[in-house]
Amino acid sequence: MFKELFVQDFDKVFGIMERSFPESEHKTYEGQLAQMDEPGYRLYGLESEAGEITAFAAVREFDRFVVLEHLAVDAKFRNGGQGGEIVTHLLAMYKTPICVEVELPEDEMAVKRIRFYERLGFYLNPYDYLLPHLTGGGEPTPMKIMTSGGYLTEEEFDEVRTRIYTDIYHL
């Protein structure tokens with residue numbers, strides 16, 4: 001069942017996040033938890049019949065677009081279509097473009113991830129983008145931005161990048 005998640009679900013979500021993303025791609029526990037109080041930050045998830053969170057999406061809503069900050073499926077539930085199910089729900093909910101950071105298509109897993117989003121109607125924008133090291137101290141990671149509904153103009157991309165850097169990463 002798809003549903004909005006709240007602070008009482010955070011520990012379960014953060015556990016999935018830690019197991020699914022490298023340390024450089026998520027904030028510390030305290031940093032992630034603090035986002036729960038920030039404007040436009042929402043968590044959505046899929047819950048099993050037993051009440052277990054099996055997958056989640058963390059989004060940030062802006063006036064003209066939404067940023068899909070994290071999407072992850074708990075390892076024991078992977079390859080069952082749950083990631084696509086969550087994204088499909090988000091695409092139905094939001095009428096503005098959804099933006100997501102993806103690794104450069106330099107290895108098999110990154111290519112699979114890009115293809116996953118393309119199958120759901122996302123476009124790989126050509127502009128360079130750097131993901132800052134989110135727990136500090138490390139080098140930024142070169143990435144790309146994918147968007148639902150079409151490609152971004154350079155002006156739109158600049159707006160998305162600026163909002164991500166200022167409102168999400170607080171740079």
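Counting from 1, the numbers follow the sequence of the chain as shown.
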Heavy-atom count check: over 12 atoms from other residues, nucleotides or ligands less than 6.0 Å from [X] [atom1]?
X	atom1	answer
Asp128	CG	no
Gln8	CD	yes
Glu18	CD	yes
Glu4	CD	yes

Assigning hydrophobic clusters by single linkage (Ile, Leu, Val, Met, Phe, Trp, Tyr; side-chain heavy-atom cutoff under 4.5 Å), is [X] placed with [Y]?
X	Y	value
Leu171	Leu131	yes
Val102	Val59	yes
Ile145	Val100	no
Ile86	Met93	yes
Ile168	Met143	yes

Using a 3.5 Å distance criterion without hydrogens, assess whether the side chain of [X] forms a donor-acceptor pair with backbone atoms of [Y].
X	Y	result
Asp107	Ala110	yes
His70	Glu25	yes
Arg163	Glu159	no

Any heavy-atom pair between the side chains of [Y] and [X] that's under 4.5 Å?
X	Y	result
Leu90	Leu71	no
Glu49	Met1	no
Lys27	Met17	no
Arg161	Asp158	yes

So which atom in Phe65 and which in Val160 form the shortest heavy-atom distance, rounded to 0.1 Å?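 The answer is CZ-CA, 3.8 Å.
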For Ile16 versus Ala72, what's the shortest heavy-atom pair and its separation?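 Nearest pair, atom of Ile16 first, then Ala72: CG2-CB, 3.8 Å.
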May I have the list of side-chain donor-acceptor pairs in residues 115-124 shorter than 3.5 Å, sequence neighbours left out?
unit_1: Arg115; atom_1: NH1; unit_2: Glu118; atom_2: OE1; d: 2.9

Can you name the ring-ring contact (aromatic ring centres under 6.0 Å, His included) partners of Phe14, sequence neighbours left out?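 Only Phe10, His26, Tyr29 meet the ring-ring contact (aromatic ring centres under 6.0 Å, His included) criterion with Phe14.
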In Å, rounded to the nearest 0.5 Å, how long is the span from [atom1] of [X] to [atom2] of [Y]?
X	Y	atom1	atom2	result
Glu69	Tyr169	CD	OH	6.5 Å
Met146	Ile114	CE	CD1	6.0 Å
Ile164	Cys99	CD1	SG	6.5 Å
Ile53	Asp74	CD1	CG	10.0 Å
Phe62	Thr96	CZ	OG1	10.5 Å
Thr141	His133	OG1	NE2	7.0 Å

Atom pairs and distances, side-chain donor-acceptor, residues 39-46, under 3.5 Å, sequence neighbours left out:
unit_1: Tyr44; atom_1: OH; unit_2: Tyr94; atom_2: OH; d: 3.3

Side-chain donor-acceptor contact under 3.5 Å, Ser20 with Arg78: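 There is such a pair between these side chains.
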Within the 6.0 Å centroid threshold, strictly below: Tyr127 and Tyr151: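 No - the distance between ring centres of Tyr127 and Tyr151 does not fall below the 6.0 Å cut-off.
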For [Y], is there an ion pair with [X] - N to carboxylate O distance below 4.0 angstrom?
X	Y	value
Glu156	Arg64	no
Lys76	Glu52	yes
Lys12	Asp9	no
Glu101	Lys144	no

